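What you see is a predicted model; the values in this text were computed from it and never measured.
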Amino acid sequence: MLSELSLSLPPFLLPVADLIDQGGNVVAIQVVMSVVALALVFAKVLQFTLSGASRFARSRQALGLYLDGDTAGALGKVSGHKGMMTEVLALLLKAQTRPGGARPDLLREDIERICLGKIAALRAWLRPLDLIAQTAPLLGLFGTVLGMIEAFQAMQGAGAAVDPSVLAGGIWVALLTTAVGLAISIPVSAAVSWFDGRIERTQQEMEATVTTFFTGAAAERGSPLPAHLDVIQGGSRHAV
């Protein structure tokens with residue numbers, strides 16, 4: 001059935017059809033898992049690219065302008081630009097320039113909610129990828145065990161007339177499922193680690209930006225807070 005179907009397949013799919021024909025149902029499941037994993041990886045790369053999750057230069061420049069007292073310049077730097085950090089900073093600056101302003105404690109709490117939502121969006125579909133990376137080699141091992149059982153059953157049935165070449169052929173076909181599982185697991189695990197690293201870096205940048213916005217980087221600058229930051233503190237000090 002599969003051999004007949006392979007005749008109608010494009011040439012580039014013939015090796016895959018041959019692999020499934022040799023490895024059986026387990027390899028067929030692994031091939032489907034690899035296709036799903038590849039689609040998810042491409043989708044995540046597109047998501048990270050469009051969201052600007054690792055582009056921090058513009059938001060850092062805008063934050064520097066804000067700390068120097070140029071709120072309008074900072075807002076112009078980030079307004080209308082795509083990127084997670086520029087969007088977060090733009091929300092903070094717009095809230096700061098809005099007439100009457102917003103309570104600093106409520107503003108900080110709400111911006112943290114928005115940041116958590118953006119990080120959660122970046123983490124979407126990483127769990128299925130991680131599941132594929134963990135399941136593929138286990139499924140391959142399961143296929144190998146089944147293949148070894150069949151090979152030794154055939155050897156037992158043959159009795160003294162065992163053909164070593166036939167036995168060796170059955171064993172290498174059984175090991176094929178483990179090899180396919182590892183071939184899927186290794187790159188998918190690397191992709192998940194890469195995505196996790198970028199998400200962690202983005203989260204750290206968000207936390208640093210929000211904290212600096214409200215504290216004015218007092219520890220680094222070592223100078224009194226500008227008037228617009230003095231108001232944000234919401235404590236006993238107020239701008240004159």
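Within the 4.5 Å cutoff, the side chain of Leu129 has heavy atoms near those of the Leu126 side chain. A 4.5 Å side-chain heavy-atom check between Val188 and Val41 finds every atom pair outside the cut-off. A 4.5 Å side-chain heavy-atom check between Met206 and Ile111 finds every atom pair outside the cut-off. Contact check for Tyr66 versus Leu92: no side-chain heavy atoms found under the 4.5 Å cut-off. Using a 4.5 Å heavy-atom threshold, the side chains of Leu93 and Phe213 count as touching.
The list of side-chain hydrogen bond (donor to acceptor under 3.5 Å, both in side chains) pairs with a residue in residues 28-43, not counting sequence neighbours, is empty. Evaluation of the side-chain hydrogen bond (donor to acceptor under 3.5 Å, both in side chains) test over residues 35-52, restricted to residues two or more places apart or in two chains, returns Lys44-Gln47. Under the salt bridge (Lys or Arg N to Asp or Glu O under 4.0 Å) criterion, the residue pairs touching residues 52-66 are Arg60-Glu205, with sequence neighbours excluded. Evaluation of the side-chain hydrogen bond (donor to acceptor under 3.5 Å, both in side chains) test over residues 82-91, restricted to residues two or more places apart or in two chains, returns Glu87-Lys118.
Contacts of Gln134 classified as side-chain hydrogen bond (donor to acceptor under 3.5 Å, both in side chains), with partners at least two apart in sequence or in another chain: Asp130. Under the side-chain hydrogen bond (donor to acceptor under 3.5 Å, both in side chains) criterion, Arg198 pairs with Ser54, not counting sequence neighbours. The side-chain hydrogen bond (donor to acceptor under 3.5 Å, both in side chains) search around Gln203 returns none, not counting sequence neighbours. The side-chain hydrogen bond (donor to acceptor under 3.5 Å, both in side chains) test applied to Gln61 returns Lys77, not counting sequence neighbours. Residues meeting the side-chain contact (heavy atoms from CB on, under 4.5 Å) test with Asn25, sequence neighbours left out: none. For the ring-ring contact (aromatic ring centres under 6.0 Å, His included) test, residues two or more places apart in sequence or in another chain that qualify with Phe48 are Phe195.
Formation of a donor-acceptor pair under 3.5 Å by the Thr97 side chain with backbone atoms of Lys94 is found in this model. A donor-acceptor distance shorter than 3.5 angstrom exists from the side chain of Ser185 to the backbone of Ala133, with no hydrogens or angles considered.
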Trace of the salt bridge (charged side-chain N to carboxylate O under 4.0 Å, His left out) decision for Arg108 with Glu112: CA-CA 6 Å; Arg108 182 161 189 165; Glu112 288 176 355; 3.7 Å; yes

Criterion side-chain contact (heavy atoms from CB on, under 4.5 Å) on Val88 and Thr209, from CA distance to verdict: CA-CA 9 Å; Val88 168; Thr209 298; 5.5 Å; no

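The two atoms that bring Thr211 and Glu207 nearest to each other are OG1-O, 2.8 Å, heavy atoms only. Smallest separation of non-hydrogen atoms from Leu75 and Ser79: O-OG, 2.6 Å. Here the shortest heavy-atom pairing between Val210 and Cys115 reads CG2-SG, 4.3 Å. The heavy-atom pair separating Pro128 from Leu40 by the smallest distance is CB-CD1, 4.1 Å.
Grouping the Ile, Leu, Val, Met, Phe, Trp and Tyr side chains by contacts below 4.5 angstrom, directly or via other members, places Val192 with Val45. Trp194 and Trp125 fall within the same hydrophobic cluster, defined by Ile, Leu, Val, Met, Phe, Trp and Tyr side-chain heavy atoms under 4.5 Å apart, directly or through other members. Under a hydrophobic clustering in which Ile, Leu, Val, Met, Phe, Trp and Tyr are joined whenever their side-chain heavy atoms come within less than 4.5 Å, directly or via other members, Val36 and Val31 fall into the same cluster.
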Only distances under 3.5 Å count here; give the side-chain donor-acceptor pairs of residues 136-146 to other protein atoms, sequence neighbours excluded, each with its distance to 0.1 Å.
from   : atom 1 : to     : atom 2 : distance (Å)
Thr144 : OG1    : Gly140 : O      : 3.0
Thr144 : OG1    : Ala174 : O      : 2.7
Thr144 : OG1    : Thr177 : OG1    : 3.0
Thr144 : OG1    : Thr178 : OG1    : 2.4

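A distance of 5.0 Å separates CD1 of Ile199 from CZ of Arg123, quoted to the nearest 0.5 Å. Between atom CG of residue Leu89 and atom CD of residue Gln96 there is a gap of 11.5 Å, rounded to the nearest 0.5 Å.
Cluster partners of Ile186: none. The rule joins Ile, Leu, Val, Met, Phe, Trp and Tyr whenever side-chain heavy atoms lie under 4.5 Å apart, and it links nothing here.
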